[in-house]
Amino acid sequence: MKKSIPVLIAVMFAAALPALSQEPKAPPPAKHKVVFELNAPAPSGWDQLFHNVENIQKIFGAEGVQVEVVFFGKGLTMLLKKNVEYADRLKEAAEKGVNLAACQNSMRAMNVKTEDLFPFASQVDSGVAELVRKQEAGWSYIKGGE
Amino acid sequence: MKKSIPVLIAVMFAAALPALSQEPKAPPPAKHKVVFELNAPAPSGWDQLFHNVENIQKIFGAEGVQVEVVFFGKGLTMLLKKNVEYADRLKEAAEKGVNLAACQNSMRAMNVKTEDLFPFASQVDSGVAELVRKQEAGWSYIKGGE
Amino acid sequence: MKKSIPVLIAVMFAAALPALSQEPKAPPPAKHKVVFELNAPAPSGWDQLFHNVENIQKIFGAEGVQVEVVFFGKGLTMLLKKNVEYADRLKEAAEKGVNLAACQNSMRAMNVKTEDLFPFASQVDSGVAELVRKQEAGWSYIKGGE
């Protein structure tokens with residue numbers, strides 16, 4: 001019994017040790033999240049947009065980064081079906097998981113209908129509000145164009 | 001009638017239950033906060049600025065979003081009294097609670113005095129420092145212009 | 001002696017307690033941190049960049065703010081040795097602690113070698129990824145140019 005106290009203390013001490021040495025379990029690596037604004041007429045930043053997205057997917061890994069591009073103002077014209085010059089690159093980006101989002105405010109202002117957009121485009125109520133929501137949700141913001 | 005007292009008590013008790021189980025009052029919904037940079041000469045982004053602010057106030061509700069526009073560099077000229085073309089729209093924005101802030105560094109560099117500015121304009125020591133402070137305080141940042 | 005072991009253990013345990021209860025030392029007050037993007041050909045925003053950096057260092061104090069400028073796309077040309085017009089101002093900024101970072105993706109695309117850059121320039125793998133990393137680390141983002 002005389003040894004019971006030190007044993008008890010030793011047990012308590014041993015029990016405390018893991019708390020001292022154990023790191024909290026690391027959460028799974030958070031995906032990087034990036035929202036681009038494209039708000040410029042051709043050609044400002046149009047080609048660069050693809051370089052930027054590709055670079056980010058290369059650096060962070062395609063699974064490691066979530067990318068959305070918000071098109072509004074004169075940038076909306078990039079998503080029009082008649083913009084055949086960029087059709088292949090846009091489709092490729094969409095297939096790689098990039099969310100290409102058209103601003104419905106700009107669509108109304110420019111009389112653009114859903115059927116005028118590439119079929120792989122998505123839509124948001126307001127491009128600017130979307131940029132705000134994304135930043136509030138922790139996304140990094142990059143304004144495209146020069 | 002014999003059951004009326006316990007029934008009454010049960011009713012009173014039941015009435016008290018919601019008060020016991022009631023969640024703490026939710027705080028008022030956090031306002032969205034957005035700071036715009038206007039740093040471009042006319043006409044780049046000048047008209048769009050108003051569309052953007054109006055869209056955001058429409059989407060989030062006038063009470064649901066706090067908006068500040070920081071004018072510096074060539075964008076400062078938008079706040080000059082002599083910019084009569086934009087006077088009405090600027091005044092209307094100010095009346096709807098948008099803080100229109102002139103950069104004092106740009107004012108000095110361009111020899112602009114307080115009396116040269118629209119009376120509803122406010123001032124900040126440095127437009128860039130203001131953008132930093134606002135981002136540090138959790139505001140979303142949108143760079144105006146194309 | 002019989003008590004020496006529990007006493008020893010108790011002393012060890014007591015010695016461990018501060019480690020359990022002690023808060024990590026508070027870090028020194030966080031510096032303001034600002035990352036600028038320079039992604040535009042001359043002259044858009046080139047002169048203003050220096051005004052902006054100087055203003056921020058004046059407002060926050062040279063020790064109170066950490067500044068990085070990321071050069072990519074057509075903005076990379078600002079860091080080329082042959083850009084003699086800006087050599088002095090860039091060198092001065094670097095000496096004041098501003099990190100002038102060239103994007104290696106842009107370097108490859110434009111066939112720019114390390115020896116083509118000013119010797120005080122640093123390099124990052126990707127200008128856009130760098131802007132994302134910095135924002136994720138709590139830096140404020142300012143897009144240079146108008």
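Quick note on labels: first sequence line is chain A, next is B, and so on, each numbered from 1.
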Please check if the number of heavy atoms outside K91(B) that lie under 6.0 Å from its NZ is greater than 12. no
Toward chain B: residues of residues 92-109 of chain A with heavy atoms under 4.5 Å: N105(A), R108(A)
Got a donor-acceptor contact below 3.5 angstrom from the N39(A) side chain to the G75(A) backbone? no
Quick one: does K143(A)'s side chain have a donor or acceptor within less than 3.5 Å of a partner on K143(B)'s backbone? yes
F36(B) versus chain A, the contacting section by heavy-atom distance below 4.5 Å: side chain
Point-to-point distance, once rounded to the nearest 0.5 Å, from CD of Q123(A) to CG of L117(A): 5.5 Å
Please flag which part of I142(B) lies under 4.5 Å from any non-hydrogen atom of chain A: side chain, backbone, both or neither. both
For F50(A) and Y86(A), take the angle between the two ring planes, folded into 0 to 90°, and tell me which bin it lands in: parallel under 30, tilted 30 to 60, perpendicular over 60. parallel
With rounding to the nearest 0.5 Å, note down the distance linking CG in L38(A) to CH2 in W46(A). 7.0 Å
With a 4.5 angstrom heavy-atom cut-off, is it the side chain or the backbone of K33(B) that approaches chain A, or both, or neither? backbone
Among V65(B), N55(B), V53(B), V34(B), single out the residue with the greatest number of heavy-atom pairs under 4.5 Å to chain A. N55(B)
When you look at CD of E63(A), are more than 12 heavy atoms from neighbouring residues, nucleotides or ligands closer to it than 6.0 Å? no
Are R133(A) and E130(A) close enough for a salt bridge, meaning some N to O gap below 4.0 Å? yes
